[in-house]
Amino acid sequence: MMFFILLASLGGVLVGLSRQLNGRLSISTTPLIASFWNHAVGFAALTGLGLFIGGLLPAGAAEAPWYAYLGGPIGVIFVAAGSWAIARIGAVNSALLIIGGQMVTGVAFDYVSAVPASFWANAGGIVLIVGGMTISRGRRKIDRSQ
């Protein structure tokens, strides 16, 4: 279990580092160029890893429905928007926005998919997320005014 916790922590650190690098690159160039280099380096690294380990093209990939491949274009938009946001509102605020958006979107997907869940638990979770983000933003404003 500890291995997976460390692996998840390493993944979080690498995602944070990637966002910081993309944000800095988008300040020097543009968010689209930062997104291009993010995807170019990721493509090269993952292709090399797939060729080295094997399983680059999994069985059944050709039979997957067309919408299974929408993750790539959505990822380009997400990385470009993240690079733009980090340059404008900072890394911490953009991370809060991303995490909050993922949580609220997950609840919305569960609701649309008719996943059995407690309405009050989901609503309470959203209120806690938005409340935490609001408190966090309020404290930063108070700290800056001193």
Side-chain angles (χ1 to χ4, degrees), residues 1-50 53 55-56 58 60-61 63-146:
M1 180 74 152
M2 191 62 157
F3 172 74
F4 294 112
I5 292 171
L6 291 173
L7 193 61
S9 298
L10 176 64
V13 168
L14 291 176
V15 166
L17 179 63
S18 172
R19 287 187 183 143
Q20 287 290 336
L21 290 172
N22 285 337
R24 181 64 190 110
L25 183 58
S26 74
I27 290 171
S28 300
T29 58
T30 67
L32 286 177
I33 292 173
S35 179
F36 169 78
W37 283 109
N38 178 73
H39 286 86
V41 170
F43 174 77
L46 290 176
T47 300
L49 187 66
I53 293 175
L56 182 62
E63 289 81 34
W66 65 270
Y67 53 84
Y69 296 99
L70 286 178
I74 292 171
V76 169
I77 293 167
F78 181 81
V79 170
S83 298
W84 178 84
I86 287 174
R88 308 276 181 302
I89 64 173
V92 173
N93 285 334
S94 63
L96 286 173
L97 187 64
I98 290 167
I99 293 167
Q102 287 174 339
M103 299 297 275
V104 172
T105 302
V107 170
F109 279 165
D110 286 347
Y111 182 74
V112 169
S113 302
V115 173
S118 168
F119 170 78
W120 294 110
N122 287 342
I126 291 174
V127 167
L128 288 173
I129 291 166
V130 173
M133 292 173 69
T134 304
I135 290 170
S136 174
R137 297 238 346 123
R139 286 189 180 167
R140 278 197 206 95
K141 287 181 183 177
I142 291 169
D143 291 343
R144 289 181 186 161
S145 65
Q146 294 178 351

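Since we're looking at a predicted model, the values are computed, not measured. Basis for what follows: all heavy atoms, side chains included, without hydrogens, waters or symmetry-related copies.
Listed here is the closest heavy atom pair of Thr29 and Ala34: OG1-N, 4.2 Å. Taking all atoms of both residues into account, the shortest heavy-atom contact from Ala80 to Leu32 is CB-CD2, 4.1 Å. The shortest non-hydrogen separation linking Ser26 to Gly23 is OG-O, 2.9 Å.
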Please list every donor-acceptor pair under 3.5 Å in which a side-chain atom of residues 64-77 meets a protein atom from a residue at least two apart or in another chain.
from	atom 1	to	atom 2	distance (Å)
Tyr69	OH	Ala61	O	2.4

Residues 103-114, side-chain donor-acceptor partners within the protein, below 3.5 Å, at least two apart:
from	atom 1	to	atom 2	distance (Å)
Thr105	OG1	Gly101	O	2.6
Ser113	OG	Phe109	O	2.8

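Under the side chain to side chain contact (heavy atoms under 4.5 Å, CB included) criterion, Ala8 pairs with no residue at all, not counting sequence neighbours. Listed by chain and number, the residues in a side chain to side chain contact (heavy atoms under 4.5 Å, CB included) with Leu21 are Leu17 (sequence neighbours excluded). Judged as a side chain to side chain contact (heavy atoms under 4.5 Å, CB included), and not counting sequence neighbours, the contacts of Phe78 are Arg19, Ile98. For Val41, there are no side chain to side chain contact (heavy atoms under 4.5 Å, CB included) partners at least two apart in sequence or on another chain.
To the nearest 0.5 Å, the span separating CG on Leu25 from OG1 on Thr30 amounts to 8.0 Å. Atom CZ of residue Phe3 and atom CG of residue Leu6 lie 8.5 Å apart, to the nearest 0.5 angstrom.
In this structure, Ser9 contributes its side chain and Ile5 its backbone to a donor-acceptor pair below 3.5 Å.
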